[in-house]
Amino acid sequence: MRGAFITLEGIEGVGKSTLGERALKLLSDDDRSVVVTREPGGTTLGEQIRHWILDGEHASLSAEVEALLMFAARGYHLDTIIRPALASGQWVLCDRFTDATYAYQGGGRGMSSRVLDTLKDAIQGALTPDLTILLDAPIEVGLGRIASRKQDHFEREDRAFFERVRRCYLDLAAREPQRFRVVDATLPLEQVWASVRDELTRFVERFDGDTAVGVNVG
Ligand code: Z5A
């Protein structure tokens, strides 16, 4: 039986990195081997693509080129890190994955979801996260928390862009309620963590129960 694949999503500043560290500790507690990774990134190629996109000044970078770079990084990430880890029974906790491409290049930049569907099918086939925690907060909350930081390629976008990204994330969650858990990220950190911890605990029980009775978990 393969390991579980869990992703964290949401706009900037909602707490993905902070809560990801706690989630890693919680999931590792039962001697479970957990690979923590991120997108774009997770491999040498992915980190180079991340650095090139986020830290560069790209006035004419189209949504399509952004998406192709994200999927190129993702394909290599899947081949070299994610699929081998899952196949060996390790769990994978990933800070952002394909939902981010739908949210940013699709929702934010207006790229066709039909083209994104084609790229997704080509690169990841049937592999989908088993659980996606969407940390949701209004734009002003998320951006407010990172206001003192140097802005990257996406953070220089206007408010309307992030409103579209957030809306797209919520639409994705509404379409796949069995995979997504939406957590209110406006609350104080300890309360947000309590919700995330509860979701993870419920998921672990369900996933371990399914594998114990031999249910095909994908
Ligand atoms: N991108 C894309 O366009 N297409 C794709 O396919 C993929 C990605 C995969 C990656 O940036 C960028 O790539 C991203 C989308 C795009 N856009 N941008 N920019 P990233 O991975 O670095 O993501 P990020 O969202 O920019 O990271 P972040 O800004 O660091 O946000 P975060 O990880 O969600 O938040 P945090 O670092 O955990 O917390 C931020 C601060 O808030 C920190 O000081 C915390 O202590 C504080 N915090 C967190 N939670 C709370 C609560 N509840 N209360 C108070 N303070 C809090």
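When a ligand or atom number is given, it counts from 1 through the structure's own listing order. As the structure is a computational prediction, the values presented were derived from the model and not from experiment. Worth knowing before you read on, the calculation uses all heavy atoms, side chains too, and leaves out hydrogens, waters and symmetry mates.
Not less than 6.0 angstrom separates the ring centroid of Trp91 from the ring centroid of Phe5.
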Could you tell me, for ligand 1, which of its N or O atoms are under 3.5 Å from any protein N or O, listing the pairs and their distances rounded to 0.1 Å?
from     : atom 1 : to     : atom 2 : distance (Å)
ligand 1 : 3 (O)  : Gln105 : OE1    : 3.4
ligand 1 : 3 (O)  : Gln105 : NE2    : 2.9
ligand 1 : 4 (N)  : Gln105 : OE1    : 2.9
ligand 1 : 6 (O)  : Arg74  : NH2    : 3.2
ligand 1 : 6 (O)  : Thr101 : N      : 3.3
ligand 1 : 6 (O)  : Thr101 : OG1    : 2.6
ligand 1 : 17 (N) : Glu12  : OE1    : 2.8
ligand 1 : 18 (N) : Glu12  : OE1    : 2.5
ligand 1 : 19 (N) : Glu12  : OE1    : 2.6
ligand 1 : 19 (N) : Asp152 : OD1    : 3.2
ligand 1 : 19 (N) : Asp152 : OD2    : 3.0
ligand 1 : 19 (N) : Glu155 : OE2    : 3.4
ligand 1 : 21 (O) : Arg50  : NH2    : 3.4
ligand 1 : 22 (O) : Arg50  : NH2    : 2.7
ligand 1 : 23 (O) : Arg96  : NE     : 3.3
ligand 1 : 23 (O) : Arg96  : NH2    : 3.3
ligand 1 : 25 (O) : Lys16  : NZ     : 2.8
ligand 1 : 25 (O) : Arg96  : NH2    : 2.6
ligand 1 : 26 (O) : Glu155 : OE2    : 3.3
ligand 1 : 29 (O) : Gly13  : N      : 3.4
ligand 1 : 29 (O) : Arg149 : NH1    : 3.3
ligand 1 : 29 (O) : Arg149 : NH2    : 2.6
ligand 1 : 30 (O) : Arg149 : NH1    : 3.0
ligand 1 : 31 (O) : Gly13  : N      : 2.9
ligand 1 : 33 (O) : Ser17  : N      : 2.9
ligand 1 : 33 (O) : Ser17  : OG     : 2.6
ligand 1 : 34 (O) : Val14  : N      : 3.3
ligand 1 : 34 (O) : Gly15  : N      : 3.0
ligand 1 : 34 (O) : Lys16  : N      : 2.8
ligand 1 : 34 (O) : Lys16  : NZ     : 2.7
ligand 1 : 35 (O) : Gly15  : N      : 3.2
ligand 1 : 38 (O) : Ser17  : N      : 3.4
ligand 1 : 38 (O) : Thr18  : N      : 2.9
ligand 1 : 38 (O) : Thr18  : OG1    : 2.5
ligand 1 : 53 (N) : Arg145 : NH2    : 3.4
ligand 1 : 53 (N) : Leu187 : O      : 2.9
ligand 1 : 53 (N) : Leu189 : N      : 3.4
ligand 1 : 54 (N) : Arg145 : NH2    : 3.4

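Side-chain contact annotation: Tyr104 with Asp99, donor-acceptor N/O pair under 3.5 Å absent.
Remark: Asp152 pairs with no residue by the side-chain hydrogen bond (donor to acceptor under 3.5 Å, both in side chains) rule, at least two apart or across chains. In this view, Tyr76 satisfies the side-chain hydrogen bond (donor to acceptor under 3.5 Å, both in side chains) rule with no residue, not counting sequence neighbours. By the side-chain hydrogen bond (donor to acceptor under 3.5 Å, both in side chains) test, Asp171 is found to be paired with Arg167, residues two or more places apart in sequence or in another chain being considered.
In this structure, Arg164 forms no cation-pi arrangement with Phe161, as its terminal cationic atom is not both closer than 6.0 Å to the ring centre and no more than 45° off the ring axis.
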